[in-house]
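Notes for the one structure printed next.
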Amino acid sequence: MDKKYADLKLGERAAILSIITYIILASVKLIIGNSTDSQALKADGWNNFTDIIASVAVLIGLRLSQKPADKDHPYGHWKAETVASLIASFIMMSVGLQVLYQAISSFFTHSRQAPDLVAAYTAIACGAVMFFVYRINLRLGKKINSQAVKAAAKDNFSDSIVSFGTAVGIFGAQLNLEFLDPLAACIVGLLICKTAWGIFRETTHYLTDGFDVLLIDKYKKTILHTDGVKAVKEIKARNYGNSPVVDVVITVNQKLDITDAHDISSAVENALINEFNVLEVHVHIEPDEEKQ
């Protein structure tokens, strides 16, 4: 359990790094986007603004998840991170729709003059910075096995690609293809909405106790390889934050005494905890119905 809390502390570093980076990049993009009149760069800036909100939500969720179990939350506060991500998805979707609306409107109301190349160079520099942050967070997410941090890293990577795509749109506008700048803004708006939808779908999957069936099959194989286990009658799993909790019904030799059966139960628990970093394992033992 202490390791789990230590991992959450490390996860906070990833969220803080993302927040600081996004604040700087969003400010730079919005300032230069307005000064160069680039719809694409301004949309990219608003994209980073939504990422600030999402990163703050992850940080709050990580900190709330560290609260110990209490009378109202006997299983702890592990799902706080997931709830925070769900709220962030609503905010991101609203901003994405607003960016999309402004970009589409610019096709009809904007003079569509090609923006200054400073906007393109800004987008390239910001994309490079974000790719560097992506590499840091991805490495940390794999180290602590945090789905939230790995998801944040994926978002960092998509933001890097968006910035490079923004630069392409601005360069295209310089070639008398002025429509490419607002078109790039539309694409950014759609990407914000797509990211928001992905976060919403994933978080609701966790909150409704959805679980990876392939991972359950791996749990089952590990249990069956444990000495003394005759069969797995039932196995279920759910997530508390990033930590799986497993409920399993196994059968053992009906002639075993209670002490030996308990030892088998402990072996199953240790196998899942050590191999898959499971938070808790609840094992129910039943006698094998076959003739001994």
Side-chain angles (χ1 to χ4, degrees), residues 1-12 61-83 85 139-151 202-292:
M1 189 67 71
D2 290 339
K3 181 180 183 302
K4 182 61 64 177
Y5 285 117
D7 288 346
L8 289 173
K9 284 292 185 182
L10 288 174
E12 288 185 14
L62 287 168
R63 291 193 172 176
L64 288 176
S65 295
Q66 297 174 50
K67 293 178 62 178
D70 53 32
K71 184 177 180 181
D72 293 334
H73 301 83
Y75 293 101
H77 296 76
W78 302 105
K79 288 190 176 181
E81 177 185 346
T82 309
V83 173
S85 297
R139 190 180 305 115
L140 180 59
K142 290 181 177 179
K143 178 181 179 181
I144 66 177
N145 193 30
S146 169
Q147 292 178 343
V149 175
K150 286 188 282 189
E202 183 177 1
T203 53
T204 52
H205 180 71
Y206 283 126
L207 290 174
T208 54
D209 286 338
F211 202 84
D212 185 353
V213 293
L214 295 179
L215 190 54
I216 288 181
D217 287 339
K218 292 180 180 179
Y219 293 164
K220 186 175 181 179
K221 289 179 181 178
T222 296
I223 295 170
L224 289 173
H225 281 93
T226 304
D227 290 339
V229 176
K230 293 289 185 179
V232 176
K233 292 189 66 175
E234 184 180 8
I235 181 170
K236 296 182 291 186
R238 59 198 183 280
N239 281 297
Y240 283 109
N242 295 317
S243 305
V245 175
V246 180
D247 299 291
V248 59
V249 179
I250 63 173
T251 62
V252 300
N253 190 319
Q254 58 182 311
K255 294 182 179 180
L256 291 178
D257 61 34
I258 190 171
T259 300
D260 292 334
H262 179 268
D263 289 341
I264 295 174
S265 172
S266 297
V268 169
E269 293 177 14
N270 292 331
L272 292 179
I273 291 172
N274 293 332
E275 186 172 347
F276 299 101
N277 198 29
V278 172
L279 179 65
E280 291 183 8
V281 183
H282 305 289
V283 182
H284 177 74
I285 295 177
E286 293 185 0
D288 186 18
E289 297 177 354
E290 294 183 2
K291 293 182 179 181
Q292 305 299 321

Return the [atom1] to [atom2] distance between [X] and [Y], rounded to the nearest 0.5 Å.
X: Q254; Y: D288; atom1: CD; atom2: CG; answer: 7.0 Å
X: E286; Y: E234; atom1: CD; atom2: CD; answer: 9.0 Å
X: K230; Y: L224; atom1: NZ; atom2: CG; answer: 12.0 Å
X: E202; Y: L207; atom1: CD; atom2: CG; answer: 10.5 Å

Minimum-distance pair of heavy atoms, taken over all atoms of G210 and N239: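 Nearest pair, atom of G210 first, then N239: O-ND2, 4.1 Å.
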Where G228 and V252 come nearest, the two heavy atoms and their spacing: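 Smallest interatomic distance, heavy atoms only, reads O-CG1, 3.6 Å.
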Residue pairs, two or more places apart or on separate chains, that pass side chain to side chain donor-acceptor pair (under 3.5 Å) and touch residues 211-222: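 Counting only pairs at least two positions apart or across chains, the side chain to side chain donor-acceptor pair (under 3.5 Å) contacts touching residues 211-222 are T222-E275.
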D257, CG atom: more than 12 neighbouring heavy atoms under 6.0 Å: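 Count over threshold, so yes.
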Check against side chain to side chain contact (heavy atoms under 4.5 Å, CB included), I235 and V249: CA-CA 6 Å; I235 181 170; V249 179; over 6 Å; no
Taking the side chain as every heavy atom from C-beta outward, state whether [X] and [Y] have any atom pair closer than 4.5 Å.
X: V278; Y: V245; answer: no
X: I264; Y: I250; answer: yes
X: V248; Y: I223; answer: yes
X: I285; Y: V283; answer: yes

salt_bridge(D247, R238) N-O dist < 4.0 Å: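 Salt bridge present between D247 and R238.
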Sequence neighbours excluded - ring-ring contact (aromatic ring centres under 6.0 Å, His included) pairs with any residue from residues 245-274: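 Found none.
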Main-chain N/O of L256 paired with D260 side-chain donor or acceptor, under 3.5 Å: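 Absent.
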